[in-house]
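Only a predicted model underlies this, so the values are computations on that prediction, with no experimental measurement involved. When a ligand or atom number is given, it counts from 1 through the structure's own listing order.
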Amino acid sequence: MTNYLTPFKFHNGVELRNRYVMAPMTTYSANPDDTASNEELAYYEERSYGVGAVITACTYVIANGKGFPGQFAGHTDDYMDSLRSVAQAIHKGGAKAILQIYHGGRQSPRELVPNGDVVSASDTIAADGGKARALTVEEIQEIVKAFGETTRRAIEAGYDGVEIHGANTYLLQQFFSGFTNKRTDEYGGTLEKRMRFPLEVVAEVNRVKQQYADDSFIVGYRFSPEEPEEDGITLDDTVQLVDRLAKEPLDYLHISQMDFRSIARRYEGEKENRIKIIKRVIDGRIPLIGVGSIYSKKDALEAMETGAELLALGRELLIEPHWVEKIAAGEEVITEMDMTRENVIPSPLMRMMQSNPGWVPGVK
Ligand SMILES: Cc1cc2nc3c(=O)[nH]c(=O)nc-3n(C[C@H](O)[C@H](O)[C@H](O)COP(=O)(O)O)c2cc1C
């Protein structure tokens, strides 16, 4: 079996020092002007010494895409210094820095977007129970361009790549999902048309990469495999999306789920482990990052059996920032937060975890 502590080479030749990456995690901890705070920079640096790459918290590409209070911004050139500071913090420990780029769509809190104008694929329900408005075709094109512009900023700020956030019910997923996309134009209706906006974002990000960077700039895509709603995304839909994405010049795909052991819920084929199903569809064309509830070395060994080339750790790296180094040294790791320890976690993130008991093991 592959040793996940050994280097991994992408098809573009870029090498990660090992096969573990830090999962993107929103920290709610930017300064009031949406620049990255010192607490956030310290948090990234602390976790940059072991993993092969750190995928940052998502940053929004346009003002009406802001989805969290305290989210560091990436939507104008005014934020270049801030973006650069995050990349530099991650590089201190030798990890590759990948900026996650996104638009919150209907999930954006109304008070965070200009004029309270929450947008989505169709007229639909917003996170506050109010209305989200369908984007016009011109606005869709503007957002596609904005993904490209934030990619350019990532290149100029020294990142090693970007991850297009097509998961977790945000705008790209809202377009792909039949639950939120009721459009009847070229961006909705059939599964093919629901893929159109995400694929245009992929194409634009790659166009900008060609213009401002070279092959070594990593472009990944994150997707959520299933939605619970009747009209929502099934694993059969996702299989088609993944098959389509695997034909694009992408460096990796990244599944988003809370447990790597999750079994397919709505799928025509045998209901087995989702990562295994996705791996079969990809059929070696592009590497896949697996994720979800990897805490102990035993969990990691079990997750490797899914065949995912790379494994992302989120919550465990909050608990044990030096997890990879400790595993490599054969040391014990803790799998519940030790609240008596200096954890180097931004205080807004710690407060958020404390107000959501059970979210991260051991947080009191
Ligand atoms: C505090 C927190 C913030 C998160 N923020 C993001 C995010 O910005 N982007 C994203 O794609 N996923 C986000 N996630 C999901 C994680 O990337 C990951 O998929 C999930 O936590 C499961 O992995 P884990 O069990 O190793 O934590 C977040 C998760 C947590 C716990």
Side-chain angles (χ1 to χ4, degrees), residues 4 20-30 36 39-40 43-44 47 50-51 53-61 65-74 86 98-105 107-108 150 161-173 198 220-226 252-262 274-275 288-297 299-300 302-303 306 308 310-321 323-324 327 333 335-337 343 345-363:
Y4 278 54
Y20 293 105
V21 303
M22 178 163 153
M25 283 180 288
T26 292
T27 69
Y28 315 90
S29 63
E39 269 195 312
E40 183 151 33
Y43 155 89
Y44 281 120
R47 290 166 177 80
V51 290
V54 170
I55 305 167
T56 69
C58 51
T59 186
Y60 54 103
V61 301
K66 182 173 180 182
F68 298 98
Q71 186 167 38
F72 74 78
V86 174
I98 297 179
L99 183 69
Q100 194 185 51
I101 56 178
Y102 105 127
H103 188 299
Q107 302 292 10
S108 294
T150 302
V162 290
E163 178 173 285
I164 300 166
H165 193 357
N168 300 359
T169 74
Y170 300 120
L171 189 64
L172 270 69
Q173 185 175 331
Y221 189 100
R222 193 169 209 202
F223 63 92
S224 287
E226 294 188 70
Y252 71 82
L253 295 178
H254 185 181
I255 194 168
S256 181
Q257 52 182 1
M258 294 310 279
D259 195 331
F260 73 87
R261 301 173 186 88
S262 300
R274 285 173 175 156
I275 300 179
L288 178 68
I289 305 182
V291 71
S293 299
I294 301 169
Y295 293 101
S296 63
K297 182 177 174 184
D299 294 335
E302 200 183 325
T306 62
L310 298 161
L311 294 178
L313 280 78
R315 291 168 293 178
E316 178 60 15
L317 285 177
L318 299 176
I319 296 166
E320 192 67 277
W323 190 91
V324 175
I327 293 289
V333 292
T335 54
E336 291 196 4
M337 189 82 76
N343 286 306
I345 291 176
S347 37
L349 175 55
M350 185 54 95
R351 282 197 295 277
M352 192 62 88
M353 293 190 294
Q354 286 170 320
S355 56
N356 289 284
W359 208 18
V360 178
V363 170

Looking only at heavy atoms of W359, does any of them come nearer than 4.0 Å to an atom of ligand 1? yes

For A167 and ligand 1, answer yes if some heavy atom of the residue is under 4.0 Å from a ligand atom, otherwise no. no

Below 3.5 Å, N or O to N or O, backbone or side chain included: is there any such pair between P24 and ligand 1? yes

Hey, what do you get for CZ (R274) to CZ (F260), rounding to the nearest 0.5 Å? 13.5 Å

Any N/O of Y28 closer than 3.5 Å to an N/O of ligand 1? no

Between V291, N168, T26, L317, flag the one that comes closest to atom 3 (C) of ligand 1 by a heavy atom. T26

Would you mind reporting whether E226 and S262 have side-chain heavy atoms less than 4.5 Å apart? no

Mind checking what makes salt bridge (Lys or Arg N to Asp or Glu O under 4.0 Å) contact with R222, not counting sequence neighbours? none

So, regarding I294 and ligand 1 (criterion: nitrogen or oxygen to nitrogen or oxygen, under 3.5 Å), is there a contact or not? no

Short question: side chain of E40, backbone of P346 - any donor-acceptor pair under 3.5 Å? no

Please check if the side chain of W323 supplies one atom and the backbone of V51 the other of a donor-acceptor pair under 3.5 Å. no

Applying a strict 4.0 Å limit to heavy atoms, is H165 in contact with ligand 1? yes

For ligand 1, which atoms sit closer than 4.0 Å to a heavy atom of R222? 10 (C), 11 (O), 12 (N), 16 (C), 17 (O), 18 (C), 19 (O)

Under 3.5 Å, side chain of Q173 to main-chain N/O of N168, donor-acceptor pair present? yes

Kindly say whether L317 contributes a backbone atom to a donor-acceptor pair with the side chain of R47 at under 3.5 angstrom? yes

Is there side-chain contact between E39 and P348, with heavy atoms separated by less than 4.5 Å? yes

Where the side chain of T59 meets the backbone of G74, is there a donor-acceptor pair that is under 3.5 Å apart? yes

Relative to ligand 1, is Q100 under 4.0 angstrom through side chain, backbone, both or neither, heavy atoms considered? side chain

Using side chain to side chain donor-acceptor pair (under 3.5 Å) as the criterion, list what pairs up with T26, not counting sequence neighbours. none

Atom 26 (O) of ligand 1 has as its nearest protein heavy atom G314 N, 2.8 Å

Output the list of atoms in ligand 1 that are nearer than 4.0 Å to some heavy atom of L313, sorted by atom number. 26 (O)

Ranked by distance from atom 21 (O) of ligand 1, the top protein heavy atom is M258 CE, 3.8 Å

Do we see a donor-acceptor contact under 3.5 Å between the side chains of Y252 and E163? yes

Numbering as shown, the atoms of ligand 1 that approach Q257 to under 4.0 Å (heavy-atom distance): 19 (O), 22 (C)

Closest to atom 31 (C) of ligand 1 (judged by heavy-atom distance), picking from R315, H254, E163: R315

Does ligand 1 have an atom that lies less than 4.0 angstrom from a heavy atom of M352? no

Any non-hydrogen atom of L349 lying under 4.0 Å from ligand 1? yes

Proximal ligand 1 atoms for A23, defined as those under 4.0 Å from one of its heavy atoms: 17 (O)

Whether R261 and D299 form a salt bridge (side-chain N of Lys/Arg under 4.0 Å from carboxylate O of Asp/Glu) is what I want to check. yes

Quick test: of every protein heavy atom, which one is nearest to atom 2 (C) of ligand 1, and how far off is it to 0.1 Å? M25 CG, 3.8 Å

Atoms in ligand 1 with a heavy atom of S293 nearer than 4.0 Å: 24 (P), 25 (O), 26 (O)

